[in-house]
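What you are looking at is a predicted structure, and each value in this text was computed from that prediction instead of being measured.
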Amino acid sequence: MRPGPDPTIDPESADDVHHCAHEAAPVPLPPVPVVEAAGELLRALSAPLRIGIVLQLREGPRCVHELVDALGVAQPLVSQHLRVLKTSKVVAAHRQGREIRYELIDDHLLSIVEAAVVHAAEDRP
């Protein structure tokens, strides 16, 4: 979103925003626990490194060392962010020999991240 006034609205002719010509009917919302859970999920996805992890996992399960190599950050930092994603049920962990492989729980979460990345890219010059 760009700062400043909306160039499509003429400030001389714009009605006071508090006095609409019509009353809009309220939109029904999901139950409060569902809305709260959605907020928690979005908070879990809010860190750039966690977005990077989700994007790395879109091709399939990865071990921590693979994520460290792909993202170019320290292993403890990747592990910390994976813990947040696991707690929020964004990723699942499965032991495979001596390693733990992480994978996305479902494609809905990937769609959210990909849509956010596409939207952010559109807003860039």
Side-chain angles (χ1 to χ4, degrees):
M1 192 164 165
R2 294 194 172 102
D6 185 343
T8 61
I9 298 176
D10 178 9
E12 299 294 322
S13 65
D15 292 333
D16 184 348
V17 295
H18 298 288
H19 300 293
C20 293
H22 69 283
E23 289 292 320
V27 176
L29 296 175
V32 171
V34 172
V35 174
E36 288 172 348
E40 290 296 319
L41 174 62
L42 291 174
R43 273 189 284 287
L45 295 171
S46 69
L49 184 55
R50 292 194 289 265
I51 290 171
I53 290 170
V54 169
L55 292 173
Q56 288 297 315
L57 295 176
R58 69 181 155 189
E59 298 300 321
R62 301 276 172 99
C63 296
V64 174
H65 71 87
E66 293 173 309
L67 293 169
V68 167
D69 292 345
L71 298 166
V73 296
Q75 182 272 326
L77 187 57
V78 170
S79 293
Q80 177 186 6
H81 284 280
L82 282 167
R83 252 188 316 277
V84 172
L85 292 171
K86 186 177 173 191
T87 300
S88 300
K89 298 185 174 116
V90 174
V91 301
H94 306 283
R95 183 163 293 283
Q96 187 174 31
R98 293 180 50 174
E99 297 183 324
I100 297 177
R101 296 184 69 75
Y102 290 87
E103 66 180 323
L104 293 174
I105 288 179
D106 69 45
D107 289 338
H108 292 105
L109 305 171
L110 177 59
S111 298
I112 292 168
V113 170
E114 287 177 331
V117 170
V118 167
H119 178 74
E122 289 173 347
D123 204 28
R124 292 271 183 215

Inset, instruction - Measure the spacing between OG1 of Thr87 and CZ of Arg83 and express it to the nearest 0.5 Å. - result: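 Separation between the atoms: 8.5 Å.
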Inset, instruction - Supply the atom-to-atom distance Gln80 CD to Leu85 CG, rounded to the nearest 0.5 angstrom. - result: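 So the CD of Gln80 and the CG of Leu85 are separated by 11.0 Å.
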Inset, instruction - Answer yes or no: is there a donor N or O on one side and an acceptor on the other, between the side chain of Ser79 and the main chain of Pro76, under 3.5 Å? - result: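 No; judged by distance alone, with no hydrogens or angles, the pair does not exist.
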Inset, instruction - For the pair Arg50 (side chain) and Ala44 (backbone), establish whether a donor and an acceptor sit closer than 3.5 Å, ignoring hydrogens and angles. - result: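 Yes: the side chain of Arg50 pairs with the backbone of Ala44.
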Treat each ILVMFWY residue as a node, draw an edge where side-chain heavy atoms are under 4.5 Å apart, and state whether [X] and [Y] are in one component.
| X | Y | result |
| --- | --- | --- |
| Ile51 | Leu41 | yes |
| Leu45 | Leu110 | yes |
| Leu49 | Val54 | yes |
| Val90 | Ile112 | yes |
| Leu42 | Ile105 | no |

Quick one, [X] and [Y] - any side-chain contact, counting heavy atoms below 4.5 Å?
| X | Y | result |
| --- | --- | --- |
| Ile100 | Val64 | no |
| Arg101 | Glu66 | yes |
| Leu77 | Val68 | no |
| Leu67 | Val73 | no |
| Val91 | Leu109 | no |

Inset, instruction - Compare every heavy atom of Arg98 with every heavy atom of Arg95, then report the nearest pair and how far apart it is. - result: NH1-O, 3.7 Å
Legend entry - Shortest non-hydrogen contact from Leu55 toward Glu114: CD2-CG, 4.1 Å
Legend entry - Residues, nucleotides or ligands: over 12 heavy atoms within 6.0 Å of His94 NE2: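 Yes - once you tally the heavy atoms of other residues, nucleotides and ligands closer than 6.0 Å, there are more than 12.
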Legend entry - Greater than 12 external heavy atoms within 6.0 Å of Asp107's CG: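 At most 12 heavy atoms, drawn from other residues, nucleotides or ligands, come within 6.0 Å of this atom.
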Inset, instruction - Report the residue from Leu82, Val78, Ile53 that forms a side-chain contact (heavy atoms from CB on, under 4.5 Å) with Tyr102. - result: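 Going through Leu82, Val78, Ile53 one by one, the side-chain contact (heavy atoms from CB on, under 4.5 Å) with Tyr102 is satisfied by Leu82 alone.
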